[in-house]
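Beneath this line is the structure, given in structure tokens, with notes to follow.
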Number of protein chains: 2
Amino acid sequence: MANPERSTEMLWEPQPEPRRSLNLERIVRAAVELADAEGLAALSMRRLAERLGFTTMALYRHVPGKAELLTLMRERVHGETEADAGPARAAGWRAELEVWARDELAMYRRHPWLAESDDARHVPGPHTVGRFERALEIVARTGLPPAHVVAAVNLVGGFVGSTARQAAAEARMRRRTGVSDEEWWQDRDSLFAHLDRYPTLSRLYREGAYDTPPDPFEFGLQRVLDGVEALVRYESRDEKGCGVCGRPVDRGPAGRPRDYCSPACRQRAYRLRRGQGG
Amino acid sequence: MANPERSTEMLWEPQPEPRRSLNLERIVRAAVELADAEGLAALSMRRLAERLGFTTMALYRHVPGKAELLTLMRERVHGETEADAGPARAAGWRAELEVWARDELAMYRRHPWLAESDDARHVPGPHTVGRFERALEIVARTGLPPAHVVAAVNLVGGFVGSTARQAAAEARMRRRTGVSDEEWWQDRDSLFAHLDRYPTLSRLYREGAYDTPPDPFEFGLQRVLDGVEALVRYESRDEKGCGVCGRPVDRGPAGRPRDYCSPACRQRAYRLRRGQGG
DNA sequence: TCCGTCGGTGTACGTGGTACACATGCGGCA
DNA sequence: TGCCGCATGTGTACCACGTACACCGACGGA
């Protein structure tokens with residue numbers, strides 16, 4: 001259905017448009033507004049045309065089809081804040097990747113339809129690739145092998161997208177029914193009446209597992225980053241430097257591997273521990 | 001749209017059906033078959049009725065609507081293999097959770113439409129809750145606080161679902177277009193021609209990042225489990241026992257925390273290290 | 001005998017994306 | 001000035017979807 005060659009062309013070799021009444025720019029902007037306001041399901045070619053004051057088929061003079069329109073919408077919103085985040089480069093890869101992930105989530109929050117639409121095989125535009133590049137850059141500094149850098153970025157990106165998808169579904173349902181997820185589940189007594197036969201679930205519930213649930217994004221992000229960090233440590237296990245100055249340490253012929261490169265560093269680490277220990 | 005009360009009733013208090021020509025059982029089974037074979041998009045009430053040899057509206061005598069039909073389909077396939085996996089309980093929570101996750105993925109692979117359909121607010125049936133209970137049981141043994149047990153299970157479950165969703169999208173596209181993801185991307189030269197301006201991406205590509213990419217499920221699962229494991233370790237950091245025998249160790253007044261509870265254990269650890277070391 | 005209910009049918013409505021034929025107006029050229 | 005061709009906008013039409021609604025035959029109990 002979607003035409004990838006046409007998409008690539010429109011994303012990477014945009015034609016300067018004559019200033020006509022109806023043009024690509026206006027269509028894409030209006031489409032984003034409509035999808036932002038009422039969700040992806042409400043974005044139909046008819047409704048969009050109506051909002052712009054044209055007939056449905058007029059849109060097809062500027063856009064090959066709905067699939068390509070969505071591609072352009074995605075690229076548009078990916079470009080929104082790319083310039084603002086001056087990266088706190090000194091903070092280390094983990095903090096930076098955390099910022100990146102939060103930034104992605106913010107984008108999904110501004111445009112919940114993004115999460116509903118990302119099936120696959122979408123031609124990325126300059127801004128979309130730019131965001132990917134930024135994440136690669138950050139993770140590449142861990143020293144992980146190239147394939148793992150890409151896999152790690154995809155993992156984190158996928159996690160954000162998946163979380164956003166669930167959040168978007170919640171919001172969509174709330175708008176359509178006027179009922180929040182929490183309220184909806186609270187109304188399910190006829191279901192809960194059957195759950196006594198599950199001992200662990202019942203016990204955890206009684207112990208308050210559902211009283212103050214952690215934010216799924218924050219919880220999951222920390223776990224995923226911990227997982228990546230563990231990989232980084234594992235991959236660089238043979239080149240671990242001094243625990244204080246980071247310089248390589250001599251490996252003794254046997255026995256416990258040394259943590260520090262010199263007695264001076266060892267002493268410094270001791271003083272640090274004692275200082276904060278108390 | 002979906003009627004949760006009706007769903008709950010049909011899932012948990014199923015009425016014994018008279019053996020008529022058309023009944024719920026036959027409808028649900030045929031629906032699962034159709035969706036398995038041709039994807040969720042191909043599952044329409046018309047097509048389903050046609051396949052069963054009845055008119056479209058005949059289905060509505062047995063099912064309130066399509067949403068409820070999907071709920072019944074989900075529950076049906078969640079029950080498929082629940083009995084088979086005798087849990088290797090001795091292996092520890094991580095190995096068991098890994099088995100659980102793989103089992104979930106296998107279900108998604110048998111029924112790719114599952115991943116396409118799971119928006120939210122779905123009333124779970126006995127088998128669906130059963131699977132959840134199993135995971136909770138496993139993770140509860142880590143000793144994590146209740147809210148974290150639930151969050152961890154949701155994280156892993158969400159990861160599996162998200163991976164399955166992408167895999168399902170790939171399969172759907174391949175069926176519809178006859179082109180695999182890999183082939184499709186290989187045809188995107190007109191896109192790649194623009195990617196030189198992204199230094200990290202280019203470098204990683206040159207270094208073979210895309211030559212033998214790790215399986216996203218396997219890679220991600222290990223990272224996520226590492227993350228959960230890190231949390232488990234962190235939560236139980238104050239009750240860490242002797243590195244050899246597991247008994248609690250005295251904490252000295254200052255200095256480096258001790259790893260062993262006694263000189264005997266320390267010596268044993270040393271011998272173990274030397275034995276496998278040099 | 002009659003009547004209510006259950007199961008199945010047929011038609012119809014409103015929604016969607018978009019193919020196709022047509023109208024309109026403008027720029028370039030003879 | 002008159003004409004052509006193209007870009008742009010229009011209108012109608014098709015097919016597929018979920019499902020509301022009116023109808024109809026058959027069967028079981030009073």
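In what follows, chains are A, B, ... by sequence order, proteins preceding strands, each numbered from 1. Only this structure's heavy atoms are used, side chains among them; waters, hydrogens and symmetry mates stay out.
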Here the distance between atom P of D:dG18 and atom CD of B:Glu68, to the nearest Å, is 13 Å

Regarding the side chain of B:Met57, the nearest nucleotide among C:dT11, D:dT10, D:dG9 is C:dT11

To the nearest angstrom, the CZ-P distance between B:Arg61 and D:dA22 comes to 12 Å

Whole-Å distance, B:Lys66 NZ to D:dA20 P, equals 14 Å

side-chain contact (heavy atoms from CB on, under 4.5 Å) filter on B:Ala151, not counting sequence neighbours, yields A:Pro214, A:Phe219

A:Phe132 meets the side-chain contact (heavy atoms from CB on, under 4.5 Å) criterion, sequence neighbours left out, with A:Leu136, A:Val153, A:Asn154, B:Leu201, B:Tyr210

Numerically ordered, the residues 43-53 of chain B set in heavy-atom contact under 4.0 Å with DNA chain D is B:Leu43, B:Ser44, B:Met45, B:Arg46, B:Arg47

By side-chain contact (heavy atoms from CB on, under 4.5 Å), B:Gln186 pairs with (sequence neighbours left out) B:Glu182

Think A:Arg188 forms a cation-pi with A:Trp184, using NZ or CZ under 6.0 Å from the six-ring centre and within 45 degrees of its axis? yes

Whole-Å distance, B:Arg26 CZ to C:dG7 P, equals 14 Å

Applying side-chain hydrogen bond (donor to acceptor under 3.5 Å, both in side chains) to B:Ser190 and not counting sequence neighbours gives A:Glu5

On DNA chain C, more 5' by nearest nucleotide between A:Pro64 and B:Phe54 is B:Phe54

Between CG of B:Asn23 and P of C:dC6 the distance, given in whole Å, is 16 Å

Those residues at least two apart in sequence (or on a different chain) that pass side-chain hydrogen bond (donor to acceptor under 3.5 Å, both in side chains) with B:Thr71 are B:Arg74

Students should find that the end-to-end axis angle of the helix from C:dT1-D:dA30 to C:dA30-D:dT1, with five pairs defining each axis and rounding to 10 degrees, is 30°

Original post:
Within the structure, does a side-chain N or O atom of A:His62 lie under 4.0 Å from either OP1 or OP2 of D:dG9?
Top reply: yes

Q.
Taking only side-chain N and O atoms of A:Ser21, does any of them lie within less than 4.0 angstrom of OP1 or OP2 on D:dG9?
A. yes

Taken to the nearest whole Å, CG/B:Leu24 to P/C:dG7 is 12 Å

Applied to residues 46-65 of chain B, the salt bridge (charged side-chain N to carboxylate O under 4.0 Å, His left out) test, sequence neighbours excluded, yields B:Glu33-B:Arg51, B:Glu38-B:Arg47

Sequence neighbours excluded, the answer for side-chain hydrogen bond (donor to acceptor under 3.5 Å, both in side chains) partners of B:Asp181 is A:Arg121

Run the numbers on A:Val156 and A:Glu104 for side-chain contact (heavy atoms from CB on, under 4.5 Å), then give the verdict. CA-CA 10 Å; A:Val156 176; A:Glu104 289 282 298; over 6 Å; no

Winner on side-chain proximity to B:Thr55, out of C:dT9, D:dG11, C:dG7, is C:dT9

* Describe the nucleic acid contact of A:Tyr60 in one word from base, sugar-phosphate, nothing, applying a heavy-atom distance below 4.0 Å. => base

